[in-house]
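Here is the structure we will look at.
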Amino acid sequence: MTLVKHSATSLLPHRIRVNLVNLGWMHTKGEVDIHRELFGRDESWLGHSAKELPFGKLIQPSEAAYLLTYLMTDFSVMTGSVIDFDQTVPGSGPTTTRRIDRLTP
């Protein structure tokens, strides 16, 4: 994060943008393969695990692609930013639907 901030400051006079995207748990072929090969899980693990997340799903690669595409366009003047593209709020502790249910009256 420090490198992003310093790089963005240094490159600003050249109109070069520097941002960081911290991607959360994403539904990819590699993720599915890891769960199958390392943990011996069948395809149902995804549905069960996703239910534990606040939005009920893993991040889709297309969702990340939309964000990254925007950041690379001339429409974006954002620089020096750290984007937590995840279903958590940094510093809030574990974020699961069970935790949210306990906090909701």
Side-chain angles (χ1 to χ4, degrees):
M1 290 176 15
T2 301
L3 179 61
V4 168
K5 300 289 185 181
H6 287 286
S7 298
T9 301
S10 298
L11 296 169
L12 192 57
H14 306 286
R15 294 185 178 176
I16 296 173
R17 293 167 286 150
V18 181
N19 296 294
L20 170 65
V21 177
N22 288 324
L23 290 170
W25 194 9
M26 189 179 303
H27 182 196
T28 63
K29 181 184 179 317
E31 189 69 19
V32 171
D33 290 347
I34 286 171
H35 281 267
R36 185 182 62 248
E37 294 168 14
L38 239 62
F39 305 117
R41 296 181 178 143
D42 61 15
E43 294 293 322
S44 66
W45 74 266
L46 180 60
H48 297 297
S49 296
K51 287 178 187 174
E52 294 293 315
L53 299 172
F55 292 97
K57 65 176 190 162
L58 274 63
I59 296 169
Q60 297 300 309
S62 60
E63 295 168 328
Y66 286 126
L67 171 62
L68 297 170
T69 300
Y70 170 73
L71 290 173
M72 292 186 292
T73 65
D74 289 336
F75 297 112
S76 174
V77 295
M78 184 185 308
T79 191
S81 296
V82 176
I83 301 167
D84 292 310
F85 195 69
D86 197 351
Q87 299 180 54
T88 62
V89 177
S92 69
T95 304
T96 65
T97 52
R98 285 189 212 154
R99 180 172 185 268
I100 290 170
D101 289 342
R102 284 195 306 263
L103 296 175
T104 306

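Between Leu20 and Ser81 there is no side-chain heavy-atom pair separated by less than 4.5 Å. Within the 4.5 Å cutoff, no side-chain heavy atoms of Leu71 are placed close to those of Arg17. Contact annotation: the side chain of Phe85 approaches that of Ile59 to within less than 4.5 Å [non-hydrogen atoms, C-beta and beyond]. When side chains are defined from C-beta on, Leu67 counts as touching Ile83, because their heavy atoms get closer than 4.5 Å.
Within the 3.5 Å criterion, the main-chain N or O of Glu43 finds no donor-acceptor partner in the side chain of Arg36. In this structure, Asp86 contributes its side chain and Leu23 its backbone to no donor-acceptor pair below 3.5 Å. The main-chain N or O of Val21 is never found under 3.5 Å from a side-chain atom of Asp84 such that the two would form a donor-acceptor pair.
Note on Val18: it clusters hydrophobically with Val82, by side-chain heavy-atom contacts below 4.5 Å among ILVMFWY residues. A single hydrophobic cluster is seen to contain both Phe75 and Met78, as judged by linkage of ILVMFWY side chains at heavy-atom distances under 4.5 Å, directly or through other members.
Not counting sequence neighbours, His27 has no partner by the ring-ring contact (aromatic ring centres under 6.0 Å, His included) test.
A donor atom on one side chain and an acceptor atom on the other are not found under 3.5 Å apart for Trp25 and Gln87.
Atom-to-atom distance recorded for Leu11:CG and Thr79:OG1 is 7.5 Å, nearest 0.5 angstrom. Note that NZ of Lys51 and CG of Leu53 are 12.0 Å apart. Values are rounded to the nearest 0.5 Å. Atom OH in Tyr70 sits 10.0 Å away from atom CG in Asn19 (nearest 0.5 Å). One finds the CG atom of Leu46 at 11.0 Å from the CZ atom of Arg41 (value rounded to the nearest 0.5 Å). Put simply, CD on Gln60 and OG1 on Thr28 are 10.0 Å apart, with the number rounded to the nearest 0.5 Å.
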I'd like a table of donor-acceptor pairs (distance under 3.5 Å, sequence neighbours excluded) in which one partner is a side-chain atom from residues 2-9, with atom names and distances.
unit_1	atom_1	unit_2	atom_2	d
Lys5	NZ	Gly80	O	2.7
Ser7	OG	Leu3	O	2.7
Thr9	OG1	Lys5	O	2.9

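Lys57 has a carboxylate O that lies under 4.0 Å from a charged side-chain N of Glu63, or vice versa, which qualifies the two as a salt bridge.
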